[in-house]
Amino acid sequence: EEACAADFPSVDISPFLVPDDSPLASARDATAAAWDHAMREWGFARVTGDGVPPDAFAPFRAAALDFFDEPLERKRAYSDPSGRYGPEGYTSLGVESVGRTSAGALGGEGAGAQPDLVENVALRGRPPASIDDLASRPRFPPTLFPSAGEHWAAMDMLHGAILRMTARALGVPDELFEGAYRGTQANALRLAHYPAVPGGVDSLPAGQARYGAHTDYQGYTLLMQDPTVGGLEVFRAPNATAGRMAGEWVAVPPGGLVVNAGDLIELWVNGRWRSAMHRVTNSAITQRRLSIAFFTGPRHDALVEPLLQPGEARRFDAVIAGEHLQRKLAMSNV
Ligand SMILES: O=C(O)CCC(=O)C(=O)O
Ligand SMILES: [Fe+2]
C-alpha cells in the first residue's frame, strides 16, 4: 500500500471554535476522533474550518518578502550578536542545518547534514502591541509591525481550539493542556524564506536541500504554507502497533494551514501520536518560497511527562520543555 497526497488527512476544526451551545458543537466527538486518527497515522493534518480568509495575511507575507529582498547587511542589523539560530531575530543562509537534530533514523542525516537553503526571522514572545513596545525589541523588523501581531493572535486562537480538541481526543480535562501553556508564552513565529536558485538543482552542491529531515521540537506547529510553491514532504510511518513499520515520503500540496505534533506532544501522549519527520525538498527550487510557522509549546519551565492510559507502560522520560528546545536549537546550528 502506498500513501499519496490524496490520503493526507484534513480536519475541519470549526466545532472547537464555536460556543458550547452552538449546534455545531455536537460534532466535537467525531472531530476529535478524526484528529486522533490523523495524529496516530501521520502526526500531521491539514486544518480547515479555521475561519481565516485565505488572503487575510497577504500584507504580512508581502512585508516579509520585502524584508528578505533587503541587502544582507540591512537584514543582519536584526541578527542576534551570536549570529546563531535560536534567539529572536534574523538568521542568514549557512547558519542552520536542521537535519543535524535528528540522527540516523528515517532519512535524518544527523551530524553530517549540509546547511539548509533557508534564511529566517524568528519572533519570540508575543509581538509588540504598540510602537512603544517595538522600541524594546531591537531584533524585531519594524516593517513586520503590526501584521505579525495579527497573525500571532489568529494562530494563538486556533491553537487554543486544537488543545481543546486534543483534550477531547485523549479523554482528559481541557485544563490539563491549557494549564501547561499559561503564563509566559514559549510560542514563536518563524518566517522561513527559501530563496530561488535560478540554476536549478544541478547548480547545487550534493546533499543540499531547502530544509533537512527533522521533527519539530515543541508542541504543535501551525504552518501557513506558501500559497503556490510546494516542497513540504512528510514521512508517513504508521504506529508500530498498526503492524506497519515501513514508511514513505509523501508530498503535501502547497497552500493553506497544516498542523503537526512536535516532540513534546509525542512524549506527552506516550507515543500514541507521532512527532513526524518532515523536510522541504528542492522540487520547486527555481521559485522562492515563504512559509510562516507558529511553533507552540508548554512554558519553558513546564515538566512534560507521559500521560498514561490505563495499563500502558511508560515509553519516555519526562523533560523540562525549555531544556529540550534549547538542546535541539543548539544541534541545529552549523
Ligand atoms: O517551510 C516548511 O514548509 C516547513 C518548515 C519546517 O518544517 C519548520 O520550520 O520546522
Ligand atoms: Fe518543521
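For ligands, and for the atoms within them, numbers begin at 1 and follow the listed sequence. Position 1 is the first residue of the sequence, and the numbers go up from there.
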task = From the options R139, R137, R124, select the one residue that forms a salt bridge (charged side-chain N to carboxylate O under 4.0 Å, His left out) with E88.
result = R137

Starting from the N and O atoms of ligand 1, find every protein N or O within less than 3.5 Å and list the pair with its distance.
| from | atom 1 | to | atom 2 | distance (Å) |
| --- | --- | --- | --- | --- |
| ligand 1 | 1 (O) | Y194 | OH | 2.6 |
| ligand 1 | 1 (O) | R289 | NH1 | 3.1 |
| ligand 1 | 1 (O) | S291 | OG | 2.5 |
| ligand 1 | 3 (O) | R289 | NH1 | 3.4 |
| ligand 1 | 3 (O) | R289 | NH2 | 2.9 |
| ligand 1 | 7 (O) | H214 | NE2 | 3.1 |
| ligand 1 | 7 (O) | H278 | NE2 | 3.1 |
| ligand 1 | 10 (O) | H214 | NE2 | 3.2 |
| ligand 1 | 10 (O) | D216 | OD1 | 3.1 |

task = Find, among atoms of D216 that are N, O or S, the one nearest to the Fe ion (ligand 2), and state its name.
result = OD1

request  = Start with the C-alpha gap between R279 and E233, add the side-chain angles, then the distance that decides, and say whether salt bridge (Lys or Arg N to Asp or Glu O under 4.0 Å) holds.
outcome  = CA-CA 5 Å; R279 65 185 183 189; E233 287 188 353; 2.7 Å; yes

inquiry  = For the backbone of S97 and the side chain of Q114, can you confirm whether one donor and one acceptor N or O come within less than 3.5 Å of each other?
reply    = no

inquiry  = Given R61, which partner from the list D226, D55, D66 fulfils the salt bridge (charged side-chain N to carboxylate O under 4.0 Å, His left out) test?
reply    = D226

ask   = Do other residues, nucleotides or ligands put more than 12 heavy atoms under 6.0 Å from the CZ atom of R74?
value = no

ask   = Would you say the side-chain atoms of S130 and D132 include a donor-acceptor pair closer than 3.5 Å?
value = no

